[in-house]
Number of protein chains: 2
Amino acid sequence: MARTSGTNLRREILDTTRRLLIQDGYQNLSMRKIANAIGYSATSIYLYFENKDNLVHALIDEGMEKMQQLLLGIDNLLTDPLKALRELCNRYVAFGLENPEYYEVMFQLHPARMARYPVEKYRKARKNLEVFRDVIEAGQRMSLFREGDALLKATAVWTSLHGLVSLLIAQRVDQQIAPEDLQERVFDQVVAFVGG
Amino acid sequence: MARTSGTNLRREILDTTRRLLIQDGYQNLSMRKIANAIGYSATSIYLYFENKDNLVHALIDEGMEKMQQLLLGIDNLLTDPLKALRELCNRYVAFGLENPEYYEVMFQLHPARMARYPVEKYRKARKNLEVFRDVIEAGQRMSLFREGDALLKATAVWTSLHGLVSLLIAQRVDQQIAPEDLQERVFDQVVAFVGG
DNA sequence: ATACGAACTTAACACTGTTAAGTAATTATT
DNA sequence: AATAATTACTTAACAGTGTTAAGTTCGTAT
């Protein structure tokens, strides 16, 4: 019988890795630091995760699920698409700004490190985009939004929101620009584009 | 007298680092690899650059200048703002997609690594944003674009373009979405927002 | 009591950024 | 011509990294 339950240690590794990631960022995340924090040797992590990339992939997966729950938690998601679109933008950006280091691995981890991220996990991640698409389609049905490829429009919306989060968490936006003003303007851009 | 001219070796270090960065990306960039490529020991690099971050900072600076030359090279930049804005978007995105690894350090290097990036270099980098602002202001003067804070609008435009480049080079955009279509849609969004 | 399996550990490897001490070539001084 | 100082490198060393291989300990099955 196991000294510990496999799923308990695996869960502890994941929770600890997430905490260290949020606290110190990806570049300061190391197997030895995770191991020290959980009180085991670094090599024990390899019993549960093939390598460091796979460990991070598991967290990306959980982050995508968390984000999806956040987005789907909006009231009247498909019955008030105009308001819902704004709220989707709010929640997406808030998630990114509140968890910058986590957001970074979710959306900016280098492709080389995503090489073995399973296709079915990409599919799951893409469901977040589909929430945007569904709201756009609902608005189109109600003639609140202009016609057009909803998935393409949702992707264009996403690029703007991602750009906003990415530049704010990389601290590249000029100090003269108030982040709230920029956020409002980007949201205006997005809503005008969709045609609300 | 020096075995080599200081500026010659320094230039060689920069050129080689840029080449390796573009070829292998930031995460595979190491002082030892650079040293092997130039035929000196790794520690000789420290005679010209305080540390790895400073070396990369010098390249970021050069990249910002190169981008500025690209953007300022547009014909009728301030006399045909509507066309110029589109061309600015084209050139910005093309730059990013053609030099993804370089773009990553220019705009996505973690804030911790940018901690000692000189203020005057940030100021230089921001001139690229000012090119967008100046075009928007020119359009506003000609009543081609809507009124409003041109710097804020330029920043909003930049976030969309950055989002597009960032997601494409991170290979996060759904395969079902044609990058050219997405680019067109984002450009539409941007131009509509500015009011062309 | 013994064998086997599971879940860890330690040992080892090749790599990393960086600092300190050492070396060789060039220049300046006597 | 000999010596000292300076410059521009080198090697040695350090503490860290991800990962693999071999070893150890504990619990279970026979």
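For the numbers below, each heavy atom of this structure counts, side chains included, while hydrogens, waters and symmetry mates do not. Naming: A, B, ... by sequence-line order, numbering from 1 per chain.
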Can you tell me the distance, in whole Å, between the [atom1] atom of [X] and the [atom2] atom of [N]?
X       : N      : atom1 : atom2 : value
A/Ile38 : C/dC8  : CD1   : C1'   : 11 Å
B/Tyr40 : C/dT23 : OH    : P     : 21 Å
B/Ile13 : C/dG17 : CD1   : P     : 14 Å
A/Asn8  : C/dA6  : CG    : C1'   : 16 Å
B/Glu12 : D/dC9  : CD    : C1'   : 14 Å
A/Ile34 : D/dT19 : CD1   : P     : 10 Å
A/Asn36 : C/dT10 : CG    : C1'   : 15 Å
B/Leu47 : C/dA20 : CG    : C1'   : 13 Å

Parallel, tilted or perpendicular: ring planes of B/His162 versus A/His162, cut at 30 and 60 degrees: parallel

Salt bridge present between B/Asp15 and B/Arg10 (N-O < 4.0 angstrom): no

Electrostatic pair B/Lys66-B/Glu98, nearest N-O below 4.0 angstrom: no

From C/dG17, C/dT9, D/dG18, nucleotide with atom closest to B/Tyr46 side chain: C/dG17

Over 12 foreign heavy atoms within 6.0 Å of CD, B/Gln175: no

Neighbour count above 12 (heavy atom, 6.0 Å) for A/Lys52 NZ: yes

Is a donor-acceptor contact shorter than 3.5 angstrom present between the side chain of [X] and the base of [N]?
X       : N      : answer
B/Thr43 : C/dT19 : no
B/Arg32 : C/dG17 : yes
A/Ser44 : C/dT9  : no

Nucleic acid contacts of residues 50-62 of chain B, taken as heavy-atom distances under 4.0 Å to DNA chain C: B/Asn51, B/Lys52

Backbone N/O of B/Met106 and side chain of A/Arg172: donor-acceptor pair under 3.5 Å: yes

Flag, side chain of A/Lys83 to backbone of A/Asp75, donor-acceptor distance under 3.5 Å: no

Test: A/Lys33 cationic atom under 6.0 Å from A/Tyr26 six-membered ring centre, within 45° of axis: no

Smallest separation among heavy atoms of A/Asn128 and A/Met64, with atom names: ND2-O, 3.3 Å

DNA chain D contacts made by residues 24-31 of chain A, counting heavy atoms under 4.0 Å: A/Leu29, A/Ser30, A/Met31

